[in-house]
Protein chains: 2
Amino acid sequence: MISIKDIAKLAGVSVSTVSRVLNQQDNVKADKRERILAAIKQTGYVPNRAARDMVSKHTSTVGIVMPGTFNMFQRQLFSIVEHHLEQFGYHTSFYFASTDEDGELACLKRLKADRLDGIIILHEVALPEFRDHLEDNHIPTVLATFEREGWKATSIHISEDEAALRAVSYLIKLGHRDIACIGGTKYSFSSQRLLGYRKALEQAGIAYDERKVAFADAYNMEGGALALNQLMESNTNFTALFAITDELALGSIRALADHNLSVPGDVSVVGFDNIELSSFSVPRLTTISQPLVEMGQMSVALLHSLITSKNGLPVSIALPFTFVERDSTAQLR
Amino acid sequence: MISIKDIAKLAGVSVSTVSRVLNQQDNVKADKRERILAAIKQTGYVPNRAARDMVSKHTSTVGIVMPGTFNMFQRQLFSIVEHHLEQFGYHTSFYFASTDEDGELACLKRLKADRLDGIIILHEVALPEFRDHLEDNHIPTVLATFEREGWKATSIHISEDEAALRAVSYLIKLGHRDIACIGGTKYSFSSQRLLGYRKALEQAGIAYDERKVAFADAYNMEGGALALNQLMESNTNFTALFAITDELALGSIRALADHNLSVPGDVSVVGFDNIELSSFSVPRLTTISQPLVEMGQMSVALLHSLITSKNGLPVSIALPFTFVERDSTAQLR
DNA sequence: CTGAAAGCGCTTACAG
DNA sequence: CTGAAAGCGCTTACAG
């Protein structure tokens, strides 16, 4: 492996000078600079990142904490974040945290071994040591898509319960009174979206009926299908359904088809997240759209300012969501 | 940041000894080992990876080269690979390569800055410097899901053309003669799958009709929908459709619905890849299943043996695919 | 079994 | 504008 010494020798200068041009400092005479650049080009030399990271206090790398298995919404967000991070000149390291405690612990350990300039968390970690580590070492942190009390971190999110309320109110406006819900058990958004569902019912004077609520174990289509089947067996009936994520909604549509129920003919379905898929499904899904691109951009921009300003205060920002009417919902007949 | 020196001081030993227990060498007396372990636990110390990587010749990290925007198939594969890599004790670094030349160049540069133990490539890079770098530095490499002539790398893949032939032959067996195809322009699998399509037609004595073939620009659902619309405008007719990826197939089903054409009633559709989504779509998609889990496992296992044995020869392995009959195909009426 | 010392490939004052 | 030197946090012979 070719090193900075080789370049210095080749160009007939000291390593300090090579280092200077490597780090685009302008205080190097043109002729030396050119000889150095030529040597670099000729050898295809690229500085060893490990060495550079070790000596400088910053690593120019940002960590992204992700769930072990990420859903489509997170996948899209992650792409956007990654892209912007690259624009800002950051490297990215990924830290997958399984939901169990061991997984989070292993994740934290890996995190500690790297010196990160900052970190973006896409996955609600439960472990308190996580927050402790970030706080003790003053690592700038952005929580993307959720809030967390007690964390000294900037948070970008939407108002989950308001959005859910909006979605369910729409179903009510269409004349539906028997509205089922597919919720979840993990992460704070599940309780917040369920809260929105309850608020909407309350506002319309509809009694909450727990037989109309099923909880999915996993936020994927299979989870949605399974939950729908539970609802079918629970001795209740409904003409509309609110699923707290699009994947759940799409899975439920699949299961409804298996029960010979059509959407929106027999059941109106509204989802949440507006993943790419939702505009290509049959029928296209009515849903809540999170401002994904803005959330990603903003997370990166705010993290960057946190990193560079060094004394920025954490903020909690609720971005506006939008409601997207498509073909999976209809007026109650 | 707490360092190995601090631990040494705390435990009253030398850094060498601390290093020994850190690297699980057994030649350390029990009492010292315990004092060291206690100090580590108490301080939450984790060795600095950059320092460790710099001094040791291996980094225990494997690079994964991915396309800038990865489709669902790649996303699934990537999860599996990541998981197994972790099992084997490797760290992973991701290198996203945009398809243009600049993107690949930037990707290569990042790659060079890290000292990787090995690399798994999920994305067909075109740049010759890529191969040169890997070969010159003897970096063990596995190509996952494709082959590449002239690369001294192990390759795990399926026989793309045979699989496509199988899919299209099935349509023919169902009585279809007017079979359209949605192909693509990028990556070798597109031409191979198209080749399989042509072979199947040939075997059945059906003339190849280029009006029945449309090419998607992107391997996503929108690309599939767009391509289907092209077919509708191309003054031809068809009762079956082979799309070279599931996402393309699903996008085409969406577009068919927009033309009031039902699947499989009016058009039988078969895809390729068997992504998760395909068993939850309405209708469920008939498709070719790549042995994703095995491919991921095998890529990692073979890479590991390449890394540890140091003189393993590259192999090219074609794994068996399976054909999955579901609801998107029907006998010609 | 253990420690002192050298060295990995860089950057960063410091002196000129 | 430039170079010699120190040092980042580890590991690895080497000597005992």
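The figures that follow rest on heavy atoms only: side chains count, while hydrogens, waters and symmetry mates do not. Letters A, B, ... mirror the listed sequences (proteins, then strands); counts begin at 1.
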Residue set satisfying salt bridge (charged side-chain N to carboxylate O under 4.0 Å, His left out) with A:Arg52, at least two apart, ordered chain then number -> none

Residues of residues 32-42 of chain B with any non-hydrogen atom less than 4.0 angstrom from an atom of DNA chain C: list those, numerically ordered, please.
-> B:Lys32

Can you give the donor-acceptor pairs under 3.5 Å from side chains of residues 85-97 of chain B to other protein atoms, not counting sequence neighbours?
{"residue": "B:Tyr90", "atom": "OH", "partner": "B:His304", "partner atom": "ND1", "Å": "2.7"}
{"residue": "B:Thr92", "atom": "OG1", "partner": "B:Glu82", "partner atom": "OE2", "Å": "2.9"}
{"residue": "B:Tyr95", "atom": "OH", "partner": "B:Asp114", "partner atom": "OD2", "Å": "2.5"}

Residues that A:Arg20 engages under salt bridge (charged side-chain N to carboxylate O under 4.0 Å, His left out), provided they are two or more places apart = none

Atom pairs and distances, donor-acceptor, side-chain atoms in residues 24-42 of chain B, under 3.5 Å, two or more places apart:
{"residue": "B:Arg33", "atom": "NH2", "partner": "B:Gln25", "partner atom": "O", "Å": "2.8"}
{"residue": "B:Arg35", "atom": "NE", "partner": "B:Ala11", "partner atom": "O", "Å": "2.9"}
{"residue": "B:Arg35", "atom": "NH2", "partner": "B:Ala11", "partner atom": "O", "Å": "3.1"}

Within the structure, does a side-chain N or O atom of B:Thr17 lie under 4.0 Å from either OP1 or OP2 of C:dG3?
-> yes

For A:Ser316, all residues meeting side chain to side chain donor-acceptor pair (under 3.5 Å), sequence neighbours excluded = A:Glu147

Contact list for residues 110-135 of chain A, test ring pair (Phe, Tyr, Trp, His ring centres under 6.0 Å), sequence neighbours left out = A:His123-A:Tyr187

When pairs are called at under 3.5 Å and a stem needs at least three consecutive Watson-Crick or G-U pairs, the stems of DNA chain C are C:1-3 with D:14-16, C:5-12 with D:5-12, C:14-16 with D:1-3

Output every pair passing side-chain hydrogen bond (donor to acceptor under 3.5 Å, both in side chains) with a member in residues 291-301 of chain A, not counting sequence neighbours, ordered by first then second residue.
-> none

So, do B:Phe73 and B:Phe189 have ring centers that fall under 6.0 Å from each other?
-> no

Just how far, in rounded Å, is C1' of C:dT2 from NZ of B:Lys29?
-> 10 Å

Can you name the residues that form a salt bridge (charged side-chain N to carboxylate O under 4.0 Å, His left out) with A:Arg131, not counting sequence neighbours?
-> none

Can you sort out the partners of A:Glu104 under salt bridge (charged side-chain N to carboxylate O under 4.0 Å, His left out), two or more places apart, ordered by chain and number?
-> none

In the 5'-to-3' direction, what one-character label does each nucleotide of nucleotides 6-16 of chain C receive under the scheme B = base within less than 4.0 Å of a protein heavy atom, S = sugar-phosphate only, - = no such atom?
-> -BBBBBBB---

